[in-house]
Structures are given as C-alpha cells and as structure tokens.
Protein chains: 2
Amino acid sequence: MQINIDILLAWGAAYKKVAAGEIIFHEGTESSFYYQLVSGKVRWVNINDQGKEFIQTIIEPEECFGEFPLFDDEPFAASAIADEDSVIIRLHRSSFHQLLRENPELHFEFTRLLTQRLRFKFLILKELANHNPEGSISTLLNYFKQTQKNICTKCNRLKLTRQQIADMTGLRVETVIRTMKFMQSKGDLQITKGKVYC
Amino acid sequence: MQINIDILLAWGAAYKKVAAGEIIFHEGTESSFYYQLVSGKVRWVNINDQGKEFIQTIIEPEECFGEFPLFDDEPFAASAIADEDSVIIRLHRSSFHQLLRENPELHFEFTRLLTQRLRFKFLILKELANHNPEGSISTLLNYFKQTQKNICTKCNRLKLTRQQIADMTGLRVETVIRTMKFMQSKGDLQITKGKVYC
DNA sequence: TGAGCAGTATGATTTGAATCATACTATCTT
DNA sequence: AAGATAGTATGATTCAAATCATACTGCTCA
C-alpha cells in the first residue's frame with residue numbers, strides 16, 4: 001500500500017536521500033513521522049546482541065514502513081536500514097492523522113496493509129514454531145510468489161541471497177544453502193549457476 | 001480493544017454460546033463476521049499436520065479476534081477454539097464496515113489494536129529467531145506483565161500452564177519446564193507448588 | 001582481462017532442544 | 001476422603017541445526 005506521492009507532497013511531506021548502509025531509524029527510538037520508500041531498498045530489521053539480524057520485512061518502492069508509533073505511541077519495533085542508495089519521503093504524524101481523517105478510504109487501505117503484514121507474521125511464526133527448515137523456506141518462497149515480491153515475475157528468479165533468506169527465517173546461511181540444494185534435488189525448485197528459480 | 005456491546009447490539013450483532021473445546025472457526029475458511037469475546041476464553045491457534053498447536057494469541061473477554069478477512073478478503077489465518085464455555089458476539093461484515101465509516105474514532109482504535117498485535121509478533125519473532133528458550137520465555141512473560149494479560153495483577157501469578165507457554169513459543173513443554181526452573185534458580189521468577197510468580 | 005570480493009558450497013564437529021520414558025504433585029470430581 | 005486426571009518434573013538418549021573451517025564460483029571494478 002502506498003500513498004500517492006503528490007498527495008504526500010501536498011500535505012507537506014519532504015524527501016530525504018539515504019546512502020546504502022545508512023540507518024534511517026533505530027529500534028527503540030521515538031517517531032513523529034510517516035515513512036514511505038520512493039526508490040531503492042530498505043530492510044526493517046532487528047539486530048541482537050551478537051549483531052545477528054532478523055529481517056522482519058524487506059521494503060520496496062512505494063511501501064511504507066515504521067508505522068507502529070503512529071498508531072500506538074510506542075517506539076520503533078525494529079530498525080530501518082537502506083540496502084542501497086535510496087530516497088524516502090516522510091510526513092509529520094499530525095498531518096498524517098489528519099490525512100486519514102479526511103480520507104476514510106485511505107484509512108481503510110492502511111488497515112488492509114496492517115492486516116496483510118499481520119497475516120504474514122502469523123504465517124512465518126507458525127512455520128518457525130515447527131522447527132522445519134524446508135517448511136519455513138518453502139512457505140517464505142511461496143509467499144514471495146503470491147505477493148510478487150523478491151521474485152522476478154518474468155523468469156521466476158529469486159532476487160534474494162541465501163543470507164537474506166536465513167535472516168528472514170532465523171536459520172543459518174549454511175542450513176539455507178543445504179536445504180535449498182535438497183529442495184532442488186526433489187524438483188521443488190531449480191538452481192543454475194547459484195541462482196534460484198522457483 | 002473492544003467495541004461496546006450496546007453499540008454492537010444496536011448494529012444488529014448476535015450472541016452465540018460456545019462450549020469448551022468447540023471450534024468457532026477453522027483456519028483457511030472464509031468469514032463474513034466481526035467476532036468479539038463476551039465471556040470465557042478463546043485461543044487463536046494454528047495446528048500442524050502432527051496435531052501440534054501454535055497459539056498465536058489468547059483472547060480474553062471484550063477482545064475481538066479473527067478480523068483479518070474483514071480487511072483483506074482472505075480466509076482465516078488461524079483457528080479459534082474455546083478453552084472454556086464461552087459467549088461470543090458477532091456482527092456481519094457489511095454492518096461492521098458501515099460502523100467504522102460512521103465512527104472514525106472507532107476505526108482509529110481498531111488500527112491501534114492491529115498495530116499492537118503486529119508489534120507483539122515482531123517481538124516474538126525476533127526472539128524465536130535467536131534460538132534461545134530463556135530469551136523467548138522471558139520476553140513473553142515481560143509482555144504479559146506490561147499488558148496485564150495472563151498474570152494476576154494482585155499476586156503476579158502466571159495464569160498459564162507450561163504447555164501454553166510452550167505452544168506460544170514453539171518450544172517443547174519439557175524445555176519450558178526446565179528453562180523456568182533455571183530462571184527460578186537465577187532469581188528471575190519464583191515457583192511455589194508448581195505455580196509461577198513473575 | 002585479471003584481481004578482489006561477495007556469495008555459494010562442502011566437510012567435520014559440537015551441542016542443546018527434541019524426543020522418549022517415567023515418576024511425582026496438585027487439582028478436580030465423586 | 002479417595003480415586004482419577006491434568007499438570008509438573010526428572011532422567012536418558014537422539015539428532016539435526018548450529019558452529020567452525022575451508023574451498024569454489026560468480027560478479028564487480030580497475
């Protein structure tokens with residue numbers, strides 16, 4: 001879900017450029033803005049004491065992120081880091097709330113987005129709880145296929161690294177590599193020159 | 001978050017009694033209703049092929065559940081099962097949508113609820129991904145404390161069984177029992193006659 | 001075109017949660 | 001009050017993912 005850039009600008013939003021690797025906001029800090037990605041790629045991520053990352057969501061252009069504080073007045077639940085040079089746009093929360101009040105259809109779209117994100121978490125959690133790497137990876141890839149995210153719709157090539165899959169499933173990269181090889185041997189997916197085709 | 005019973009009734013909602021163990025709705029089935037628990041207890045749960053349960057949320061009186069289909073037109077993401085004889089109330093989706101349209105403040109409250117639930121999933125997922133039973137259990141108990149759920153606010157006694165904690169963290173009940181004993185030995189919590197005090 | 005680096009892949013070992021089995025305790029029901 | 005059952009607890013074993021180490025391949029950049 002995205003809010004049309006022209007609408008955001010009309011309500012006072014401002015662009016911001018971020019460099020690859022730059023932290024847009026930190027988990028645990030307060031927020032006063034609505035964030036939307038214009039171009040580039042951002043990962044919405046938790047980092048533990050050992051520096052290990054858990055990627056909650058990979059944000060793509062036109063998608064919003066870091067919206068929790070706007071609705072529950074709590075700090076950020078995860079950090080946002082740019083995977084590549086990116087452009088984001090942000091709107092102050094008071095303007096954002098007013099925008100929703102004056103545009104109920106937009107509010108419904110937003111509610112739909114939160115629901116889709118919550119459903120995704122239900123899906124991933126039930127798989128993680130099964131302690132079955134193949135199930136977790138399979139479920140994640142199926143989700144990407146259905147939502148047309150992170151997979152090339154023309155050639156079905158997975159656009160993510162094994163490490164990113166590992167970071168989204170709580171598994172180790174070695175486990176993801178071996179599990180995907182196994183899935184290839186079963187015919188569940190194809191691997192050519194290291195590239196995965198679902 | 002709850003919608004006042006009188007409002008629900010005024011908009012055409014109807015009560016329904018469910019017996020302990022009764023399945024209110026099944027994962028994967030379609031829905032046309034908004035559900036709210038009036039009395040009793042319900043668990044919102046995924047059940048895998050081996051019959052193992054993953055409890056996504058324990059629903060308490062005045063809380064709604066099964067709301068995803070209302071906003072994203074997809075089937076139920078988990079099943080709802082009554083833990084004890086309960087009373088629920090439900091409103092047809094079209095009336096529910098109209099109720100929100102005519103009451104923007106209610107819609108905002110609902111958005112806040114979804115956000116809180118999403119934040120809880122972010123929290124549990126990042127802990128599960130760390131493969132650290134003590135961290136997962138500790139985080140869950142802290143969450144219950146903060147939200148005053150499942151813990152007696154007068155004596156701090158945990159109202160859930162070890163099995164329920166296991167079902168909410170993806171761990172085995174033996175692991176939860178041993179980990180809680182370990183946490184007791186560290187002074188992180190107290191156990192008296194099998195009862196846990198946080 | 002070649003060097004360097006990111007990403008993929010393989011092998012060996014460790015380890016802790018799962019698994020299986022069984023006993024004990026608290027609670028409920030008659 | 002006693003029997004039955006749910007829940008807690010303990011002990012032993014298994015095993016698959018984590019961990020550690022190292023090699024190979026594809027891609028980027030000069």
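Not measured: the values here are computed from a predicted model. Proteins get letters first, then strands, A, B, ... in listed order; numbering begins at 1 in each.
Each of B:Gln163 and A:Leu171 has a nearest nucleotide on DNA chain D; the 5'-most of these lies closest to B:Gln163.
Sorted by first and then second residue, the pairs that involve residues 138-158 of chain B and meet salt bridge (charged side-chain N to carboxylate O under 4.0 Å, His left out), not counting sequence neighbours, are B:Glu63-B:Lys149.
The shortest distance between the side-chain N/O atoms of B:Thr161 and the OP1/OP2 oxygens of D:dG7 is not below 4.0 Å. Contact between the side-chain N/O atoms of A:His131 and the OP1/OP2 oxygens of C:dA18 is found at a separation under 4.0 Å. Residue B:Arg162 places at least one side-chain N or O under 4.0 Å from the OP1 or OP2 atom of D:dT8.
Across the protein-nucleic acid pair, A:Asp83 atom CG and C:dG7 atom P stand 10 Å apart, rounded to whole Å. Distance, B:Asn132 CG to C:dT15 C1': 14 Å, rounded to whole Å. Protein atom CG of B:Leu158 is 16 Å distant from nucleotide atom C1' of C:dA26, rounded to whole Å. Protein atom CG of B:Leu160 is 15 Å distant from nucleotide atom C1' of D:dA6, rounded to whole Å. Counting to the nearest Å, the C1' atom of D:dA12 and the CD atom of B:Glu174 are 12 Å from each other. Between A:Glu127 atom CD and D:dA17 atom P the separation is 14 Å, expressed in whole Å. Here C:dA17 presents its P atom at 16 Å from CG of A:Leu128, a figure rounded to the nearest Å. Distance A:Ile137 CD1 to C:dT8 C1': 14 Å, rounded to the nearest Å.
Salt-bridge check for A:Asp167 with A:Arg162: failed, with every basic side-chain N at 4.0 Å or more from each acidic carboxylate O. Salt bridge annotation for B:Asp72-A:Arg119: present, with a cationic side-chain nitrogen under 4.0 angstrom from a carboxylate oxygen.
Within residues 176-198 of chain B, the residues having any heavy atom under 4.0 Å from DNA chain C are, by residue number, B:Arg178, B:Lys193, B:Lys195.
Remark: aromatic rings of A:Tyr35 and A:Trp44 are distant, center separation not under 6.0 Å. Annotation: B:Trp11 is not in aromatic contact with B:Phe96 [ring centroid separation under 6.0 Å not met].
A distance of 9.0 Å separates OG1 of B:Thr111 from NE2 of A:His97, quoted to the nearest 0.5 Å.
Legend: residues meeting salt bridge (Lys or Arg N to Asp or Glu O under 4.0 Å) with A:Glu74, ordered by chain and number and at least two apart, are absent.
Distance from the side chain of A:Thr175 is smallest to D:dA17 among D:dT10, D:dA17, C:dA17. Side-chain proximity of B:Pro133 to the nucleotides C:dA17, D:dA18, D:dA9 is greatest for C:dA17.
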